[in-house]
Amino acid sequence: MSVTANTKPVSFTLNGNEVTAQPGESIWQVADRLGTEIPHLCYQPEPGYRADGNCRACMVEIEGERTLAASCIRQPAEGMVVNTATERAKKAREMVFELLVADQPAREEAHEPDSKFWNWASDIGVTSSRFPAHERPVADLSHTAIAVNLDACINCNLCVRACREVQVNDVIGMAFRGSKSSVVFDFNADMGDSTCVACGECVQACPTGALMESSLLNDAGVREDYADEIVNSVCPFCGVGCQTEVHVKDDKIIKIDGAEGPANEKRLCVKGRFGFDYIHNPNRLKKPLIRRDDAPRGWDIGVPDNDFSAYFREATWEEALERAASGLNKIRDEKGPKALAGFGSAKGSNEEAYLFQKLVRTGFGSNNVDHCTRLCHASSVAALMEGVGSGAVSAPFTSVADAECIIIIGCRPGWNHPVAATYIKQAAKDPNKHLIVMDPRGQNLVRYADNHLQFKPGRDVAMLNAMIYTIIEEKLYDLQYVQANTEGFEELKENIKDFAPEDMAEICGIDAQTLRETARLYATSEASLILWGMGVSQHTHGTDNVRSLIAMSLITGQIGRPGTGLHPLRGQNNVQGASDAGLIPMLYPDYQSVENEEIRSRMEDFWGMELDKKKGLTVVEIMDAIHDGSITGMFIQGENPAMSDPDQQHAREALSKLDHLVVQDIFMTETAWHADVILPSSAHAEKDGTFTNTNRQVQMGRAAVSPPGDARQDWELIQEIAKRMGLDWSYTHPRDVFNEMAQVMPSLNNITWERLSRENVVTYPCSSEDGPGTEILFAQGFPTTSGRGKLVSTALIDPAELPDKEFPLVLTTGRLLEHWHTGAMTRRSEVLDNLEPEAVVFINRLDMKKLGLEAGDWVSVSTRRGTVSLKVRQDREVPEGMIFMPFCFSEAAANMLTNPQLDPFGKIPEFKYSAAKIEPLAVAAE
C-alpha cells in the first residue's frame, strides 16, 4: 500500500493508548519517545541516518493490514491502531534473529559480545539457531585502526549509509548476490588499501562488531575491555569542536565515540576517534626539568623524545617553579617589562588562555603576549574587526544547509576540518545548491562542486576584485542594503574600475566568463555563504584577501540571514576562545584595544594595577626582538614555535639566544629543547575547562584521566608562576577563572560555568539565561562605531618573493588529514603515525617527469632560507609549478623554508607562498 509522509500531527493508538505523532515521525520514533522498546538493527536513531527497513527486526502489527510493518520506516496515519508486542510480531522478530544468529560466531567467541545485536538477541530469547551457517569470511586486518570481521556482518547496510550519506566518503558499498552478498571497500579492496579516511563512522554505527577498533581486540579477535566510565568532553584537535564520549578503564582511555553536539551530531574524523593515544605515549613529560649548567645551547641540538639526560636534570616542583619565576623576575627587574614575552596556547582552555595573558600583562608588565592565531587567521581577524566589528564568524558552518550558494576558498575541509566537510558535502548533493571551490590545488570537495576556480597561487585579490567589479558593473549589488548598512561604497566603486574580469583573467588564471558567472551566482542566490581558511589568510596580502570577501558579502547583502555570511574556519581546537580571552598583543579580552585609554583604565581598575599603554609584539616580531637583544626572557605554554614559526632556523636561533626560557608542555618538543626550565603539564583529556569552537559555541571539556607522574594542571602552574612574580592570585578551580572572565567579557553574558556543566554548549552572544545563543550575527547592523559595515578597497600586491630561474617553483605548506599542527600530538599517536609515518613533498606528475623523479625518490627542497631532504609523493591535485609540504614532520621541517615576510595589518607570515626548487638526491639522507 502507498504510504505518504505526515505533514501535520496525527493521533493513533499504540498498544492501547491514544498517542500523537509529530510531522515526519515514524512509529518507531513515537514508541521510543514514549519509552516503548522495539528491537532495531539496521536503524540508527541519530541525526543524518535515514531509516532503511531492511533488517525486519522492528516489525509491528497494524490492525486491518495483512502484513507486518517495519516500524522504522512506517509513519502512522490518523486513527491507526498499532501493537508492538503481539504474538505475531514477536514470532517474526524471533525468526529474524534466529536466521541472523545462524551465521554469527557463538556469543562467547563473538568479536563484540556486548554488541547491540547480541543484547537484542538475548532480550528476545534467541541464543542459538537451528539453521545451517554459511561459510564465514576471513578477518581483514589490513587497516591500522579498524578491524573488518565480516563473519559478524548481517548486511544491515548501516555502514554503507554511514559512509555514503553521513560522512559522504562513499568508500563502502554492497557487492555480489544472495548468500554471498557482502560489504566491500571501493572495488572489493582490502580496507587498508582502500580510499577509507578512517573517520570510523562505520565502526560507531555497526551493531554487531563486524567493524571495530583494532585496539580493542585480543589475539583471538574478541573484545575484552569495556569502560568503567564514559566522560562527555570535546575533541582536542581542530576548530570544529566535536563533542565526544571518552571511554575510560583503569584511568586509561580505551575508546572515543562521537557525542551529540551541534557541531558534529556524533560524527568524528580519524584524529578525533583514533588519535587519543598520544596522551598515553611513554615519552610524556612526568617530572620538572632544569637545564644542566654545563649543557650546550643551540638551535640544532636535540631531537624530541631522545634521551635528554645530558642536557636536563630532574628537579622538585619547588625548585623548578622557583627557578622559572626567579629568572623571569630578574630580567623584568634589571631590563624592564618589555624584555619579557609570552606565547600562550590555542590547545588549552579558555581559562588557561585568560590566565596566561593576565600573567604577562600584570606580572611581566607588558603586552608582549601572542599565540598561534598570529600564524593562521590574524589577517582574517584584522579585516573582520575593521569591516564588521567582530573577529568571529557571522554564521556557523552548519549554515550550509540553508545556503543556496556556498563558496569554499583557500581551505581544504576534507583534510583540515573533516566533520565540517561532511555538512558541506551533504549540502552539495542537493541539486538546488551550488558549491564553488576556489583553490590553486585540487581537493576532494571538487568532485561535489559545480565549479573549481583553480586560480594562480597568490592571486586571490585579482580574482575576487574581478567578481566585485562584475557585481557593481552589472548592478547586482543590493542598493537598499548598501545604503542602509555600509560605508565606503563609492570609494570601492571607484577603485574597482581597474579590475575588469577581462583584465584580471590572465593575472589570476580564471577566464573572464567564469569570473562573471561566479559573481552572478553569488550575488543573485537567495542565500550565499563564504567559508575560508589559511590559504586566504597566510599571505602578505592576507588582510586584503579577507577585505575583498567582506566587500562581496556586504554589497550583496549576503550577511545577517540564515545561509549567508562569513566564516573563517579555525585551525586549532581553541584558537577562537584563546583569541576571545585576550591572548593577543594589541587586545584585551573580547578584542578591546590596549591603546584605548578608557578601556585600559577599566582593566587597570579590575586587575588592580597599572598596565602597559602600548600594544605588544607579535610572534614573528618577538623572534626578531630576541635577535636584536631587546627581549631576553620568555614563558611558552603549549606552543611550539621551533616548528610553527616561518624561517625556522631564524626562530630556533632566537630561542637559543634567550637568557631565560620557561616551557610548559606535555612533551619534549622542539621548543622545549631550548628551555632552561621545563614544567610538565596536562593534556586535553586530563583537564576541566571551557573551549570555544569555530562556530562561537562555548563547550565544556571534562577531565577523563589523570596526568601522568608528577605532571600538573596548566592553570595551576600559571598561577604558581604568578604568585612567585608578586601577584596575589587565589583561584581554586577553573570555574573561578571563568567567573572572572565573565565580568570583563560581554560575549559571555548569560553563559555560566553551571549552565555549561548542565548543557555542555551555548553559542555566544546569548541574550537570555536559558536561550541557545545567537547563531547568525549582524541581522540588525554591526558592532562598529557607525553601526555600519566598512567597505575597504584593495590593490594588487605581488607575493613577497616570486619564482625565478634559481627557484622556479611555488612552495605552499599546510596540514594532512592524519596530522595536526606541528605534529607534537599526532606524531605521538601510534594509529595516526602509522597512517602517515614519513615526511613527503607532494608534486605534480609533469614536474616529476621533468625532474626525472619517481614516487618515493629522495629529493632536496630548497628556498632562500634553507634546504630539507624528504621523499616525493605524486599528487594530481597539486598544479604544475607548485609543490606542497606538510609542516608536521620535524625530520623535514617545512618551516625551515617558509618566508617570514609579514602582512602589514595582521602581522601574519607568508606561509602559503615561497619560491623554491627541487633537486633529486642519489641516496637517502641520513
Side-chain angles (χ1 to χ4, degrees), residues 40-52 55 72 110-120 140 143-150 152-172 183 185 191 194 196-217 223 225-227 230-235 237 240-249 253-277 418-423 425-426 704 817 831-832:
H40 59 288
L41 295 174
C42 74
Y43 176 53
Q44 180 90 337
E46 312 294 354
Y49 283 83
R50 62 173 177 80
D52 204 37
C55 75
C72 68
H111 308 288
E112 175 65 285
D114 195 38
S115 67
K116 179 193 288 188
F117 172 82
W118 279 113
N119 287 330
W120 275 121
D140 172 7
H143 197 281
T144 189
I146 302 171
V148 182
N149 307 304
L150 292 186
C153 182
I154 59 173
N155 288 354
C156 67
N157 277 336
L158 262 177
C159 60
V160 177
R161 278 169 280 154
C163 188
R164 181 175 296 168
E165 300 173 18
V166 178
Q167 291 275 352
V168 200
N169 290 321
D170 208 14
V171 177
I172 306 178
V183 167
F185 304 92
M191 191 182 206
S194 73
C196 172
V197 295
C199 68
E201 186 77 26
C202 58
V203 171
Q204 187 163 302
C206 180
T208 67
L211 292 160
M212 282 190 66
E213 298 92 339
S214 299
S215 61
L216 294 177
L217 299 177
R223 179 178 179 180
D225 287 341
Y226 289 90
I230 298 176
V231 179
N232 289 323
S233 194
V234 186
C235 180
F237 294 109
V240 169
C242 295
Q243 292 194 19
T244 58
E245 292 180 352
V246 184
H247 294 240
V248 178
K249 181 178 176 62
I253 298 175
I254 61 171
K255 171 184 174 179
I256 300 279
D257 277 335
E260 184 53 66
N264 66 312
E265 297 179 308
K266 292 202 170 185
R267 307 170 203 191
L268 292 175
C269 75
V270 60
K271 294 185 288 290
R273 192 178 302 278
F274 297 115
F276 62 84
D277 59 327
V419 171
T422 68
Y423 291 92
K425 290 183 285 187
Q426 285 179 326
L817 168 64
V831 167
L832 299 179

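The figures here come from the full heavy-atom set of this structure, side chains too, leaving out hydrogens, waters and symmetry mates. Throughout, numbering of the chain's residues begins at 1 and tracks the sequence.
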Nearest heavy-atom contact between Glu213 and Lys255 is OE2-CE, 3.3 Å
Please assess Asp257 against Arg273 for the test side chain to side chain contact (heavy atoms under 4.5 Å, CB included), listing each intermediate value before the final yes or no. CA-CA 6 Å; Asp257 277 335; Arg273 192 178 302 278; 3.5 Å; yes
Side-chain heavy atoms of Asn119 within contact of Asp114, under 4.5 Å: yes
Nearest-0.5 Å distance, CZ of residue Arg164 to SG of residue Cys202: 13.5 Å
Identify the residue among Arg267, Lys266, Arg161 that makes a salt bridge (charged side-chain N to carboxylate O under 4.0 Å, His left out) with Glu46. Lys266
Any side-chain heavy atom of Ile254 sitting closer than 4.5 Å to one from Leu216? yes
Would you say that Asp52 contacts Cys156 through its side chain, given a criterion of any heavy-atom pair below 4.5 Å between the two side chains? no
What's the spacing between Ser233 OG and Ile256 CD1 if we round to 0.5 Å? 8.0 Å
Asn264 side chain to Val240 main-chain N or O, any donor-acceptor pair under 3.5 Å? no
Below 4.5 Å, heavy atoms only, C-beta onward: do Leu817 and Val270 meet side chain to side chain? yes
Check whether any side-chain heavy atom of Gln204 lies under 4.5 Å from a side-chain heavy atom of Leu211, and answer yes or no. no
Within-4.5 Å side-chain heavy-atom neighbours: Pro418 and Val197: no
Nearest atoms (heavy-atom pairs only) where Leu832 meets Gly275: CD1-CA, 3.6 Å
What closest approach, in Å, do Ala51 and Cys72 show between heavy atoms, and which atom pair accounts for it? CB-O, 3.2 Å
Set out, in order, the CA-CA distance, both residues' side-chain angles and the distance that settles side chain to side chain contact (heavy atoms under 4.5 Å, CB included) for Glu245 and Asn232, then state yes or no. CA-CA 5 Å; Glu245 292 180 352; Asn232 289 323; 3.6 Å; yes
Within a strict 4.5 Å, meaning less than it, do heavy atoms of the Asn169 and Lys425 side chains meet? yes
Does Ser115 use its side chain to pair, donor to acceptor, with the backbone of Gly209 at less than 3.5 Å? no
Please name the pair of heavy atoms, one in His247 and one in Ala227, separated by the smallest distance, quoted to 0.1 Å. CB-CB, 3.8 Å
Ignoring hydrogens and geometry, is there a side-chain-to-backbone donor-acceptor pair from Lys116 to Leu41 under 3.5 Å? no
Supply the atom-to-atom distance Asp170 CG to Cys163 SG, rounded to the nearest 0.5 angstrom. 6.5 Å
Give me the atom names and distance for the closest heavy-atom approach of Gly272 to Cys235. CA-SG, 3.7 Å
Specify the closest pair of heavy atoms between Cys242 and Val419, including all atoms of both residues, with the distance to one decimal. SG-CG2, 3.6 Å
Gap between atom NE2 of His111 and atom CG of Asn149 - 0.5 Å precision: 4.0 Å
Main-chain N/O of Glu165 paired with Gln426 side-chain donor or acceptor, under 3.5 Å: yes
So, do His40 and Pro45 sit near enough that their side-chain heavy atoms are less than 4.5 Å apart? yes
Does the pair Val148 and Phe185 meet the rule for a side chain to side chain contact (heavy atoms under 4.5 Å, CB included), with working shown? CA-CA 10 Å; Val148 182; Phe185 304 92; 3.9 Å; yes
When you measure from the side chain of Ser214 to the backbone N and O of Ala147, does any donor-acceptor pair fall under 3.5 Å? yes
Worked verdict on Phe274 versus Ile146 for side chain to side chain contact (heavy atoms under 4.5 Å, CB included): CA-CA 10 Å; Phe274 297 115; Ile146 302 171; 3.7 Å; yes
